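Please read these numbers as outputs of a predicted model, since none were measured by experiment. Note that ligands are numbered from 1 as they come in the structure, with each ligand's atoms numbered from 1 the same way. Numbering starts at 1 and runs along the sequence shown.
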Amino acid sequence: MSNKCLMMDADITIIGAGVVGLAIAEKLSEEHKNVFLVEKHLTFGQETSSRSSEVIHAGIYYNKGSLKSKLCVEGKWLLYDYCKKYDIPYNKCGKLIVATSQEEVAIIEGIMQTAIRNGVDDMLIFGREQIAELEPNIFALKALFSPSTGIVDSHSLMKQYETNSINNGCQVVYGSEVSGISKMQNGYKIDILDSDKRNYSFTSGIVINSSGLTSDKTSEMVGIADDTLRILFCKGEYFRLNPPKNKLIKRLVYPVPHQNMEGIGIHVTIDMGGGVKLGPDVKYLDSNVYDYKVTESKQEAFYRSAKKFLPFLEFDDLAPEMAGIRPKIQKQGEPLRDFYIMEETGRGYPGFINLIGMESPGLTSSIAIAKYINGMINR
Ligand SMILES: Cc1cc2nc3c(=O)[nH]c(=O)nc-3n(C[C@H](O)[C@H](O)[C@H](O)COP(=O)(O)OP(=O)(O)OC[C@H]3O[C@@H](n4cnc5c(N)ncnc54)[C@H](O)[C@@H]3O)c2cc1C
C-alpha cells in the first residue's frame, strides 16, 4: 500500500472499539507508531461485541476458501493461545450438533464433509451411547462432536486487547463519534463529534472502518456507497435456562443449522459463569433501529424448538435474557455472504480499509482479522 503519512496527525486510525477494532488496534500498535482508536461510546464493546454467544467457533459451516472459513479456523487457535497467555477465562468444552430425526442424520453427515473441506478434521460422529456419556440429559439419534469449539469471557478479552493497545502506545479515544471523512492528497480528514457535542477534526494516513452496525454509513461518509454493502439489522434473542436445570448441560448443544445459514438454529450456549442460554433466533428488522428488547411471547417458540433435544425442559424453565443485532449484508433468503474486508484503492480510496458485515464468527476470528489487516498495511 503506497500511502505517505507525512504531515498527518495520525498514521493509522481505527474507527470502532468492538472486539474486532480492539484486536486490530493491539496488532497494529505492536508494529506501527501513531495509531488511534476512536469510539463513540464512553468505553469499549457497547454494541454487538457485548451481545454475542461468546462461542469460539471451530469453523465448520463456512464456504471453503471464504474469509469466514480461513479467519475462523486460524482465529480460534490464535484465540486459545492468547487466552492461555493472558489468563483470559475460556473453556474448550466442545459442541454437539444433534440430529433428532433420520432426515437430520443425513444433514450432519454433510456438515462433517464441509468441516473436513475447511480444515476442521477433528470432528467425530457419535451414536446414542457416546452422546449419553457426554451429555446424559439430551436427546439425539446421532450427533457431530466438535472438540475444538469453546467459550470465552469476551469482556476480559476486549479489556486485554485494550490494555495491550494502550501499552503499545495506541491512543484510545472514547466518547468521539466520527461524523465525516474526506479524502485528502495523502490521507483522510476525520471529523469528530465528542460527548460534549464539540466538533473537531484530525488527519490520518490510513483509516480502518471497523464500526460494526454502522460500517456501511461510515463507508458512505468517504464516498463509497454500494447497495451490496448495505447493512441490515438482524436481531437474535435469547432466553435463559433457569437454575437448577442449567446444571443439566455441560457443553454447547446445537440443532442442525438453517439451510442458507441466516442463523445456526436456537442452540444451547453455556457461559463462563455457569449460565445457560437458549438462542439466538433470527429476525431481520424492518428498519435499522437498536432494538434490544426480548419478546416475551417468543418463549413458547423457544420452548418447542429446544424441547426436541432437551426432553427435561418445561415452559417455566425459561426466562427472557438478552438480544444482539447482527450486521448482515446477506439479504433475507440470499445465500451466505462472506466478511467484506477490503483496502479500497480499487474504488479510488487508497489507505481506506473497510470491514463490513462482520457478523459471526467475528469474535472467534478477531486476532486473525487483525493479522490480515496488518498484512494488508505492510504490503
Ligand atoms: C446474537 C449474536 C451472537 C453472536 N455470537 C457469536 C459467537 O458466539 N462467536 C463469534 O465468533 N461471533 C459471534 N457473534 C458475532 C460477533 O459478536 C461480532 O462479529 C463482533 O462482535 C463484531 O465486532 P466489531 O468490533 O466488528 O463490531 P461492534 O462490536 O459492533 O463494534 C463496532 C464499534 O464501532 C463503534 N462505532 C460505530 N460507528 C461509529 C462512529 N461513527 N464513530 C465512532 N465509533 C463508532 C460502535 O459504537 C461499536 O463500539 C455474534 C453476534 C450476534 C449479534
Subject >> Ring centres under 6.0 angstrom apart (His267, Tyr238) >> reply: no
Original post:
In ligand 1, which numbered atoms sit nearer than 4.0 Å to a non-hydrogen atom of Ser176?
Top reply: 43 (C)
Subject >> Contacting atoms of ligand 1, where contact means under 4.0 angstrom from a heavy atom of Ser210 >> reply: 32 (C), 34 (O)
Original post:
Is a salt bridge present between Glu47 and Lys40, judged by a nitrogen-to-oxygen distance below 4.0 Å?
Top reply: yes
Subject >> Any Tyr238 heavy atom less than 4.0 Å from ligand 1 >> reply: yes
Original post:
Taking the six-membered ring for Trp, is the centroid-to-centroid distance between Phe233 and Tyr290 below 6.0 Å?
Top reply: yes
**OP:** Can you sort out which atoms of ligand 1 are near Val55, meaning under 4.0 Å from one of its heavy atoms?
**Re:** 7 (C), 8 (O), 9 (N), 10 (C), 11 (O)
Subject >> Close N or O approach (Glu39, ligand 1; < 3.5 Å) >> reply: yes
Subject >> Per-atom contacts, ligand 1 versus Gly362 - under 4.0 Å to a heavy atom >> reply: 11 (O), 12 (N), 19 (O)
**OP:** Identify which one of Tyr82, Phe44, Tyr86 satisfies the ring-ring contact (aromatic ring centres under 6.0 Å, His included) criterion when paired with Tyr161.
**Re:** Tyr82
Original post:
Which word best sums up how the rings of Tyr254 and His57 line up, parallel for under 30°, tilted for 30 to 60°, or perpendicular for over 60°?
Top reply: perpendicular
Subject >> Atoms of ligand 1, numbered as shown, that sit under 4.0 Å from any heavy atom of Thr364 >> reply: 9 (N), 10 (C), 11 (O)
Original post:
Going by the order shown, which atoms of ligand 1 are within less than 4.0 Å of some heavy atom of Gly212?
Top reply: 27 (O), 30 (O), 32 (C)
Original post:
Is there any N or O on Ser49 that sits under 3.5 Å from an N or O of ligand 1?
Top reply: yes
Subject >> Residue portion contacting ligand 1 (non-hydrogen atoms closer than 4.0 Å) for Ala323 >> reply: neither
Original post:
Can you list the ligand 1 atoms lying under 4.0 Å from a non-hydrogen atom of Val19?
Top reply: 20 (C), 21 (O), 23 (O), 25 (O)
Original post:
In the protein, which heavy atom is nearest to atom 50 (C) of ligand 1, and how far is it?
Top reply: Ser52 CB, 3.6 Å
**OP:** Among all protein heavy atoms, pick out the one at the shortest distance from atom 19 (O) of ligand 1; state its residue, atom name and that distance to 0.1 Å.
**Re:** Met358 O, 2.7 Å
**OP:** On the 0 to 90° scale, with breaks at 30° and 60°, tag the Phe352-Tyr349 ring pair as parallel, tilted or perpendicular.
**Re:** perpendicular
Original post:
For Leu363 and ligand 1, does the shortest N/O to N/O distance drop below 3.5 Å?
Top reply: yes
Original post:
Among pairs that include at least one residue of residues 192-224, which meet ring-ring contact (aromatic ring centres under 6.0 Å, His included), considering only residues two or more places apart or in two chains?
Top reply: Phe36-Phe202
**OP:** Pull out every atom of ligand 1 sitting under 4.0 Å from any heavy atom of Gly21, numbered as shown with elements.
**Re:** 25 (O)
